[in-house]
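In the text below, chain A, chain B and the rest are named by the order of the sequence lines, each starting its count at 1.
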Amino acid sequence: MTDQDIFDALSQILRILLRNESVVLTARTTRRDVPGWDSLNYINFIAAVEGKFGIKFRMADVESFETVGSIVEAIKARKGA
Amino acid sequence: MLFNSDEFILLFLPVTVAGFLLFGRGSRSLAWAWLIAASIFFYAWWRPFNLVIIGSSIAVNFAFACVLLRLAREDSRRRLRTLVLTSGILFNVAFLGYFKYANFLVIAANDLTGSNFVLAHIILPLGISFITFQKIALLVDVAGGRVESFTTRDFLLFVLFFPPLISGPIVHYRELIPQVHAAKCRFNADMFAAALTLFCFGLFKKVVLADGIAQYVSPIFAAAAAGEVMTLPHAWFAAVGFTEQIYFDFSGYSDMACGAALFFGLRLPINFDSPLRASSIINFWVHWHMTLTRFLTAYIYNPIALALLRRRSAKGMSTLSSRGSSAGAFVSVLVWPVLATMLVSGAWHGAGYTFLLWGLLHGVYLIVNHAWRQYGPASTPPKGMRPPFVTFIGFILTFVAVTFGMILFRAPDLASAVNLVKGFVGFHGILPVRDVANAAPIQGELVAISLRALAYLVGLLVIALLMPNSLQMMSKYEPALYIEKHAPQVAGVGPSFYWRPSIPWMGFIAVLAAVSMIRLSGRSEFLYWQF
């Protein structure tokens with residue numbers, strides 16, 4: 001799985017969650033950049049990502065992800081571990 | 001020591017800043033050591049014994065942090081790490097619980113069982129609620145590998161740094177200490193001017209605006225507590241007036257904390273961003289006491305919601321989407337975490353039934369808000385594209401809901417809260433019992449609402465709702481972290497009032513400072529300092 005595949009998968013999850021087809025996530029995207037991506041949808045997103053990749057994030061990570069790029073890094077680290 | 005005191009403004013702050021800059025010319029380590037020493041003095045001023053209490057908490061947390069630092073590097077010992085982290089959090093919660101809630105729990109137990117236990121009165125160490133939360137966040141960061149190393153000095157600086165010590169903003173280690181490492185500890189004219197300005201803005205908000213309205217609000221709550229029947233105008237004046245009071249009080253305090261930190265080149269996170277303009281309850285909490293909302297979301301709401309979501313998806317049940325979720329999903333993964341979070345918030349604010357009710361009320365507000373988003377009219381256009389009247393209705397509903405809640409927050413006991421709530425909804429009649437003529441409180445009689453009081457109430461409302469806020473005006477100099485850059489206009493139109501170090505601004509700030517210092521003679525305390 002390439003980084004781009006992961007970004008695509010994340011974008012797709014958020015599109016379904018927010019019912020907004022125009023969502024495109026990049027490494028630098030933050031929650032503020034996406035309208036409607038509030039704390040509730042954030043935690044739903046995290047749960048959906050965990051399901052999709054079969055991983056569990058650490059609570060400290062969930063709290064401190066600044067960008068989508070850092071989420072992708074954490075996914076790769078978890079998948080690799 | 002409180003920020004709005006002569007000894008802080010005229011002695012402690014100037015001496016500490018001067019010493020810091022002086023030492024900074026020679027050695028940065030010396031400057032930080034000076035700041036730690038000054039912070040200890042600041043904390044001990046009110047009651048030196050507090051140092052022993054807080055010192056023991058610091059020592060235990062230091063030990064926990066050291067152990068967690070070792071375990072965080074070894075992925076094979078996750079279980080042990082979780083165990084140590086849990087013990088650390090429990091220690092902090094128990095520490096806070098003993099000082100803050102032991103008395104209340106004994107009262108509640110007496111109420112329930114009809115017994116009559118008496119506990120020696122426990123004096124609350126200054127700022128313990130804030131200090132406790134900050135330490136819990138540190139332990140979580142260390143365990144999660146977000147803080148990879150720390151020295152004793154950095155640890156002490158983080159737990160003792162005086163500006164956010166007693167009432168926040170609740171700052172993370174990972175936000176503060178990297179700034180310490182990068183700071184030059186030298187005099188910088190722009191930064192100094194910004195720090196002084198922000199401190200003066202905060203002081204003015206506190207001693208002129210908040211204390212100004214407090215003199216009209218407090219007698220009403222006192223009369224309500226004395227059993228005086230509250231009619232509609234008084235209840236509304238009390239609710240709206242207290243909402244203004246606590247907003248200017250606490251946001252003023254936060255400005256002073258951010259300003260004081262900036263003297264040392266350090267930026268604290270923004271804590272208030274004109275919350276009373278919010279057009280929904282969710283939005284209110286995004287802009288009110290922002291560092292607390294952030295803390296509660298990260299450490300209470302998220303873990304509960306995530307655990308519930310994981311469990312539901314493991315069972316193959318539906319989870320939440322942004323609209324039209326199943327009722328089961330809504331109740332189990334939204335209602336429970338929100339209620340739990342807001343109850344904790346209520347309890348954190350104070351030991352008493354009224355605070356628990358206030359937390360519960362806001363939990364219900366938030367659930368209604370989320371339910372509206374899930375099941376309300378489908379075609380809600382995104383923010384900024386809504387018709388103005390929709391936003392306006394949202395604003396009115398939010399404002400009334402928030403001010404209504406403030407009755408519970410401020411009322412000294414349940415009986416006076418009920419009295420005021422009945423007045424607020426018109427149960428006690430629409431007109432004041434006695435005529436409006438005299439502003440002076442009369443023992444046992446309802447205080448009249450004078451024209452002067454009304455003018456104060458409306459004036460503060462105009463400032464809170466229409467004027468650009470202090471951090472907005474200063475945003476070009478980034479006096480705090482995470483300031484959203486919206487133009488500092490009046491009511492969203494016309495010219496932008498950006499602060500810059502100039503003669504006209506200096507004159508303006510000097511007037512604010514002078515008025516504040518004159519008013520300071522009739523001193524009061526921060527509402528939040530005891531939390």
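Only the side chain of B:L334 comes within less than 4.5 Å of a heavy atom in chain A; its backbone stays farther off. Contacts between B:R373 and chain A at a heavy-atom distance below 4.5 Å involve the side chain alone, from C-beta outward. Contacts between A:N44 and chain B at a heavy-atom distance below 4.5 Å involve backbone atoms as well as side-chain atoms.
Under the side chain to side chain contact (heavy atoms under 4.5 Å, CB included) criterion, A:R19 pairs with B:S321, B:S322, B:R323, sequence neighbours left out.
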(request) Could you please spell out the steps behind the side-chain contact (heavy atoms from CB on, under 4.5 Å) verdict for A:Y42 and B:T297? (result) CA-CA 11 Å; A:Y42 174 66; B:T297 306; over 6 Å; no
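Between B:R174 and A:E63 there is a salt bridge, since at least one side-chain N of the basic residue sits less than 4.0 Å from a carboxylate O of the acidic one.
By number of non-hydrogen pairs under 4.5 angstrom with chain A, the leading residue of B:V286, B:L306, B:D141 is B:L306.
The interface of residues 307-315 of chain B with chain A, defined by heavy-atom distances below 4.5 Å, comprises B:L309, B:R310.
Here NE2 of B:H370 is found 6.5 Å from CG of A:D38. Values are rounded to the nearest 0.5 Å. Within the model, atoms OG of A:S64 and CD of B:E175 stand 11.0 Å from one another, a figure rounded to the nearest 0.5 Å.
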